[in-house]
Amino acid sequence: AQSVAQPEDQVNVAEGNPLTVKCTYSVSGNPYLFWYVQYPNRGLQFLLKYITGDNLVKGSYGFEAEFNKSQTSFHLKKPSALVSDSALYFCAVRETSGGYQKVTFGTGTKLQVIP
Amino acid sequence: DGGITQSPKYLFRKEGQNVTLSCEQNLNHDAMYWYRQDPGQGLRLIYYSQIVNDFQKGDIAEGYSVSREKKESFPLTVTSAQKNPTAFYLCASRPRESSYEQYFGPGTRLTVT
């Protein structure tokens, strides 16, 4: 069965500093990996995805993620954090099982950017 | 929140009552999903549907039911059998092609007392 782990419940970073939000995954085949962001009492918004190709994926709002197959990781990064980046971030993996495509989400990491 | 509407935003019910949450999309997406979000547990899949008149149970389907009579609509009924129904419920949709991401609605916060 596929799974996703986000080992940090919360990440604190000073405004202007680089940020990293960690994600590791487990699937039996080739993974489709996603990052979403959620602001309070809102739905999730898509940030970026890895399907195939270049291991460094660029997404919305200056975010990027690095796919590392040997470490089964897909960490979210941004070179310079903004206070407005403070939100809940979810990593997700998609796998096809029995003809149906199932997405599994991590438990989320709260990012707090300190002014 | 990209063409998916969920209503109402907040919903209050008494214990023992069934309640139906609405989800409508105008994106012409084939697949639709219902998730439940609780603090510290991420999103857990309740039901999903890849085409009209077909749906599959997710990880926590007990106490819930769905229908998919139209491509644009995927209502979720929380029945009295659901032991802990108070939660934030999110609906999502996605195009048929597997590489596409999901599009989420704004969510419905259900409180049962």
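Each chain gets a letter, A, B and so on, in the order its sequence line appears, and its residues count up from 1.
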Hydrophobic clusters here meaning ILVMFWY residues chained together by side-chain heavy-atom distances under 4.5 Å, can you tell me if B:Trp34 and B:Val52 are in one? no
Are B:Phe104 and A:Val4 connected into the same hydrophobic cluster when the rule is that any two of I, L, V, M, F, W, Y join if their side-chain heavy atoms are below 4.5 Å apart? no
Could you walk me through whether A:Leu44 and B:Leu43 pass the side chain to side chain contact (heavy atoms under 4.5 Å, CB included) check? CA-CA 10 Å; A:Leu44 277 66; B:Leu43 274 68; 4.0 Å; yes
Residues in residues 71-89 of chain A near chain B [non-hydrogen atoms, under 4.5 Å]: A:Leu88
Distance in Å, B:Gln41 CD paired with A:Thr107 OG1, rounded so as to fall on 0.5 Å steps: 9.5 Å
Check for a donor-acceptor pair, side chain of B:Tyr35 on one end and backbone N or O of A:Phe105 on the other, with a separation under 3.5 Å. no
If I measure from the heavy atoms of chain B, does A:Gln38 come under 4.5 Å with its side chain, its backbone, both, or neither? side chain
Does B:Arg44 use its side chain to pair, donor to acceptor, with the backbone of A:Thr104 at less than 3.5 Å? no
Quick check on the hydrophobic clustering: are A:Val93 and B:Tyr100 connected, directly or via other members, by side-chain heavy-atom contacts under 4.5 Å? no
Taking everything shown except A:Tyr39 itself, do over 12 heavy atoms lie less than 6.0 Å from its OH? yes
Side-chain heavy atoms under 4.5 angstrom apart, residues restricted to Ile, Leu, Val, Met, Phe, Trp, Tyr: same cluster for B:Leu76 and B:Val112? yes
Determine whether more than 12 heavy atoms belonging to other residues, nucleotides or ligands lie under 6.0 Å from atom CD of A:Gln112. yes
Sub-4.5 Å heavy-atom contacts with chain B: which residues of residues 46-58 of chain A show up? A:Phe46, A:Lys49, A:Ile51
If one checks every heavy atom of B:Glu101 against chain A at 4.5 Å, the contacting part turns out to be both
For chain B, which residues from residues 10-35 of chain A have at least one heavy atom closer than 4.5 Å to it? A:Tyr32, A:Phe34
Could you go through the side chain to side chain contact (heavy atoms under 4.5 Å, CB included) check for A:Phe90 and B:Gln37 one step at a time? CA-CA 12 Å; A:Phe90 289 96; B:Gln37 185 177 16; 3.4 Å; yes
Proximal to chain A - members of residues 81-94 of chain B, heavy-atom separation under 4.5 Å: B:Phe88, B:Leu90, B:Arg94
